[in-house]
Amino acid sequence: GGSNFHRYLSESILIVKFIAMLLFINWDVSPVLFDFGITIRYYSLLFALAFIFGYVVEKKMFKSEGLSIEWLDKLWLYVAVATIIGARLGHCLFYDWDYYSQYPLEIILPVRFSPHFEFTGYQGLASHGAAIGIIVGLWYYSKKISKKSIFWILDRAVVPIALAGFFIRMGNLMNSEIIGLPTTMPWGFRFINASGISDPETPRHPAQLYEAICYLISFFVLMYLYWRTNVKQKQGFIFGAFLILIFVARFVIEFVKENQEPWENGMTLNMGQWLSVPFILAGIFMLWYSGKHLDKTPVRPVEQGKKKVKK
């Protein structure tokens, strides 16, 4: 009768939950790639790969437009220096100044002096500091090197930057940081090595993996816009699309991400979401702005860009 039905239903639910528990992923990966006196972390490796693959992508773009490789080399020098300085200062000044004010050399050196000397790499890097650094670096580049609108270089720089975001979020995954809220979904991760949580055995949303996937998708969308359409002639269009793609994803994923600070717990939207809103609005504005500001420079076909330009 009805009692048997409810009993079978309850048993079925328990079986499903048990199967789901078996499907949860135990993320017990060490953040250290290898250690033989000098510690190399996955995050540092992935950070380096972000620049290497970014350079390869940008080089192909520059060649297709017949642009000087010297411009490219200087661009990535500016981006690399601006990213590292901005990200490092952002972390040291805004997140851990009490410590770094006591050990200022550790701001610029990849070592730790306390409690003992140790090569650590640049573990403390803040993405918002990197963003500020990159914008300042590209502004200076546009004035000093390209002599073009800053939106011209932003349209070309944000494509590999989206790919870099993928590598950096994968680095966060290897560090078991930027974790999500508890979940019963079968793809939940048990972040065994995560710090700052009392229940590492509880399955959680792999928020950093969600972001990495979204950034990788954004990269392919931006590549399509650059290579298969003529929107790069609209100054700021690709940059605007980048802002919308990246920060809409960030806004949505924040709903399943642990708050970074305790004071965010009482907020309807957390700080990451509030900070994403201006960028989304700026992206919408850039799509409108780009329609009124066309780049008059002739666009070279891809096949011509592969030929050597005679001077």
Side-chain angles (χ1 to χ4, degrees), residues 17 20-21 24-28 31 43 86-102 107 123-135 162 165-166 168-215 217-218 240 242-286:
K17 287 184 176 180
M21 290 291 289
F24 290 140
I25 300 169
N26 283 316
W27 192 251
D28 193 17
Y43 185 92
R88 186 61 175 164
L89 290 178
H91 171 78
C92 296
L93 296 178
F94 300 132
Y95 288 94
D96 207 2
W97 178 241
D98 288 343
Y99 175 84
Y100 286 103
S101 62
Q102 301 298 316
I107 297 176
Q123 295 182 34
L125 300 171
S127 58
H128 60 278
I132 295 172
I134 289 173
I135 291 173
F166 162 76
I168 291 171
R169 281 296 178 254
M170 291 302 295
N172 296 137
L173 177 63
M174 302 306 292
N175 279 346
S176 295
E177 58 192 6
I178 313 182
I179 62 177
L181 296 171
T183 181
T184 57
M185 296 296 183
W187 58 80
F189 277 45
R190 292 190 180 99
F191 291 101
I192 307 302
N193 296 323
S195 60
I197 59 174
S198 59
D199 53 345
E201 293 289 338
T202 298
R204 294 174 175 273
H205 285 284
Q208 63 283 85
L209 185 58
Y210 295 165
E211 285 193 56
I213 293 171
C214 288
Y215 295 165
I217 293 173
S218 298
F242 167 85
L243 292 177
I244 294 172
L245 288 167
I246 296 298
F247 288 101
V248 166
R250 178 70 182 270
F251 183 92
V252 173
I253 293 171
E254 288 291 333
F255 282 113
V256 297
K257 188 188 295 185
E258 285 281 3
N259 290 328
Q260 300 298 305
E261 300 294 339
W263 50 264
E264 294 181 275
N265 294 335
M267 302 171 64
T268 303
L269 300 178
N270 65 26
M271 185 55 65
Q273 290 171 313
W274 282 115
L275 292 175
S276 296
V277 170
F279 286 101
I280 296 170
L281 295 176
I284 295 172
F285 171 78
M286 288 309 305

Original post:
So, for Thr183 and Gly188, which heavy atoms are closest and what is the spacing to 0.1 Å?
Top reply: CG2-CA, 3.9 Å

**OP:** Can you measure from CZ (Phe189) to CG (Leu209) and round to the nearest 0.5 angstrom?
**Re:** 5.5 Å

Original post:
With sequence neighbours left out, what residues match Ala194 under side-chain contact (heavy atoms from CB on, under 4.5 Å)?
Top reply: Ser176, Ile179, Phe191, Ile197

Subject >> Partner residues of Leu269 under the side-chain contact (heavy atoms from CB on, under 4.5 Å) criterion, sequence neighbours left out >> reply: Phe251, Phe255, Gln273, Trp274

**OP:** Can you see which heavy atom on Arg204 is nearest to which on Pro182, and at what distance?
**Re:** NH1-CD, 3.6 Å

Original post:
Do you know the tightest heavy-atom contact between Ser276 and Arg250?
Top reply: OG-CG, 3.5 Å

Original post:
If you round to the nearest 0.5 Å, how far is CZ of Phe247 from CZ of Phe242?
Top reply: 6.5 Å

Subject >> Euclidean distance, Ile168 CD1 relative to Leu173 CG, rounded to 0.5 Å >> reply: 14.0 Å

Original post:
Which value, rounded to the nearest 0.5 Å, describes the distance between Leu181 atom CG and Glu254 atom CD?
Top reply: 10.0 Å

Original post:
What is the distance from atom CZ of Arg190 to atom CG of Asp199, rounded to the nearest 0.5 Å?
Top reply: 11.5 Å

Subject >> Side-chain heavy atoms of Ile178 within contact of Arg169, under 4.5 Å >> reply: yes

Original post:
Within a reach of under 6.0 Å around OH of Tyr210, are more than 12 heavy atoms found that belong to other residues, nucleotides or ligands?
Top reply: yes

Original post:
Which atom names give the shortest non-hydrogen contact between Gly240 and Met286, and what distance separates them?
Top reply: CA-CB, 3.7 Å

Original post:
Who passes side-chain contact (heavy atoms from CB on, under 4.5 Å) against Glu177, sequence neighbours left out?
Top reply: Tyr43, Asn172, Asn175

**OP:** Determine whether Glu211 and Pro206 make a side-chain contact, defined as any pair of heavy atoms from C-beta on separated by less than 4.5 Å.
**Re:** no

